[in-house]
Amino acid sequence: MSSSTDIEELKRGTELVKRGFAKMQKGGVIMDVVTREQARVAEDAGAVAVMSLEAVPADIRKRGGVARMADPGALTEIIDEVSIPVMGKCRIGHTTEAQILEATGADMIDESEVLTPADNDYHIEKEAFTSPFVCGARSLPEALRRIDEGAAMIRTKGEAGTGDVNQAVTHQRAIKSAIREIEGKTHEERERWAREHEAPAALVHDTAERGRLPVVNFAAGGIATPADAALMMSLGCDGIFVGSGIFGAEEPTAMGRAIVEAVNNWDDPERLAEIASDIGSGMKGQSNVQMADEDRLQDRGV
Amino acid sequence: MTLTAGVIAVQGDVSEHVAALERSATACGVDLTVQRVRTAGTVPSCDMLVLPGGESTTISDLLVTEKIASEIVGHVEAGNPLLATCAGLIVVSRDPRDERVHTLDCLDISVDRNAFGRQRDSFEAPLPIRGLERPFPAVFIRAPLIDSVGPSVEVLAAWEDRPVAVRSGSVVATSFHPELTHDSRLHELALFEQFS
């Protein structure tokens, strides 16, 4: 059969194609990796994608200094190593880093507060890109501002590199609670809510009608164990990012595999007990409840 | 008529398929219960199955771990309908030409994974499909292409002369995502024809 399809009508980088990519990640675990060897471990453990970066967030915290986009050559190596999607992180507002990631072949770009922000006032105009973006958020208005800029996926910010799930829980609860609040409002009350919270009104209505964010919503920031991942799924997340929690653990392969299985069995405590047994200890971490303001990454780019 | 559909839900765009099944059931006048299948034991009670899009390495791994793989093979061997999309198409294929994916070998095709390139090459386009009057809004996301088809396999659609939708017995597989649009004609064609 020969194709009579009109190639002229082929469209790339549409909202449907970008948001559709994020939907294919649902129910999955996206793992931070620094080297191609780590990428191989992540794919074998069952990751749905890997996030390439120069150092995992826990090491970025320890090291200090300016955190930037990773060497594009390292991204290329990881792309050659694995068959799953490869994502890359750029600094908030650093349009050129994002263009370089797209040119290198990154399947999704994370405009991330884990790196040092390049622009204090503006995020990247993400709609202009063919590649989809994921952005962090601590609240519903923040999530809707990022979606309005063109983000195809939202993740909680949490507090990256701490191994403490506390802030991811706080952010996910805040987003869910605000959605329940606007669902109960009239059209004019939502308009007012949008003005008061600096949220785009059209997206406030869209979210209230769907009863959920209009894009895929993952958990991120401080997830370190199978139990953490299952907890975030029980709070309504569509999937999980694990940063330092895999390669900061005693046995990365066992921990990665266990987190993947925990996401599929998040509502079955007996299975979770088996899954979480004999996998070595998790990353050491640091509690983020008492963290000094200047150490908090989540306040960057709101 | 009351029927049960199962959407394999270990990973991927499950809720989109649930919504598409519900739209199709309404259009076909069928009373449908939809189950999300994450563990063994549910598939044997399903009249029809969907294997969604997602990552084929992850899905195929979890199907084995959760002991769902052999249940799906049994469902197809009994002649019950199955729709597999994108990663699902890879998972049911005879040969994924990649040792990282353990396939179910219930569709006689070999597959070229991520044949279109990376996500920046993903696209949407109208696609003529055998059995449908108007072109279908097809969304290809890091999509596979079908390299070769066995003698029992009917090609329903092609992109630049390579098959992207096929049928063999009770199995329909597409390399694009019919669940991402509101057009439910492909779900109706794949799953409901034999019940109406």
Side-chain angles (χ1 to χ4, degrees), chain A residues 1-29 43-49 79 82-87 102-109 129-132 212 216 238-239 257 260-261 263-268 271 275, chain B residues 9-16 36 38-39 52-62 65-66 85-87 96 98 100-101 113-114 117-130 135 137-142 154-164 176-177 179-181:
Chain A
M1 186 195 297
S2 83
S3 168
S4 57
T5 301
D6 187 354
I7 305 284
E8 305 279 299
E9 290 187 68
L10 179 154
K11 287 181 273 183
R12 294 195 174 90
T14 60
E15 183 180 281
L16 182 63
V17 170
K18 291 181 189 175
R19 291 185 181 183
F21 170 80
K23 287 175 177 175
M24 299 313 146
Q25 303 286 303
K26 289 196 296 180
V29 180
E43 181 173 51
D44 290 345
V48 288
I79 286 172
V82 297
S83 66
I84 54 179
V86 179
M87 306 180 178
E102 178 166 270
T104 310
D107 294 296
M108 182 172 243
I109 300 165
F129 282 75
T130 305
S131 301
R212 60 154 295 146
V216 168
D238 294 315
R257 182 73 206 171
V260 168
E261 289 185 28
V263 168
N264 188 49
N265 292 282
W266 60 269
D267 53 353
D268 184 342
R271 283 295 304 281
I275 290 165
Chain B
V10 295
Q11 195 271 315
D13 68 333
V14 175
S15 61
E16 287 70 18
R36 294 169 190 236
R38 287 190 279 134
T39 51
E55 284 308 316
S56 56
T57 47
T58 307
I59 293 173
S60 71
D61 250 25
L62 286 170
T65 307
E66 299 294 344
T85 62
C86 195
D98 187 337
R100 289 175 282 209
V101 187
R113 293 180 68 205
N114 302 329
R118 308 207 64 79
Q119 170 60 18
R120 64 185 178 202
D121 307 306
S122 296
F123 64 97
E124 51 176 298
L127 182 73
I129 294 177
R130 183 173 290 177
V139 187
F140 292 86
I141 295 179
R142 283 175 49 95
E154 177 193 5
V155 176
L156 299 177
W159 180 263
E160 293 177 344
D161 296 326
R162 292 179 75 185
V164 290
F176 54 92
H177 292 280
E179 72 280 12
L180 287 183
T181 66

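Here the structure is a predicted model, which is why all the values come from computation and not from measurement. Letters A, B, ... mirror the listed sequences (proteins, then strands); counts begin at 1.
With chain B as partner, the option from S131(A), P85(A), G46(A) having the largest number of non-hydrogen pairs under 4.5 angstrom is P85(A). Taking A45(A), G27(A), A49(A) one by one and counting their heavy-atom pairs under 4.5 Å with chain B, the maximum is reached by G27(A). Ranked by heavy-atom pairs under 4.5 Å with chain B, the first of E43(A), M108(A), Q25(A) is E43(A). Of the listed residues T14(A), V263(A), I79(A), D44(A), the one with more heavy-atom pairs under 4.5 angstrom with chain B than any other is I79(A). Contact count versus chain B (heavy atoms, under 4.5 Å) is highest, among A106(A), G239(A), A103(A), for A103(A). Chain B forms more heavy-atom pairs under 4.5 Å with one residue of V260(A), D238(A), D107(A) than with any other, namely D107(A).
By the salt bridge (charged side-chain N to carboxylate O under 4.0 Å, His left out) test, K23(A) pairs with E16(B), sequence neighbours left out. Applying the ring-ring contact (aromatic ring centres under 6.0 Å, His included) criterion to F140(B), with sequence neighbours excluded, gives F116(B), F123(B), W159(B), F176(B).
Neither the backbone nor the side chain of A22(A) comes within less than 4.5 Å of any heavy atom of chain B. Neither the backbone nor the side chain of V29(A) comes within contact range of chain B; no heavy atom of the residue lies under 4.5 Å from a heavy atom of that chain. Neither the backbone nor the side chain of R19(A) comes within less than 4.5 Å of any heavy atom of chain B.
Between L62(B) and E261(A) there is a side-chain heavy-atom pair separated by less than 4.5 Å.
With hydrogens and angles left out, the side-chain atoms of T65(B) and R257(A) include a donor and acceptor closer than 3.5 Å.
Shown here for V17(A) and E124(B), the closest heavy-atom pair between the two residues is CG2-N, 3.9 Å.
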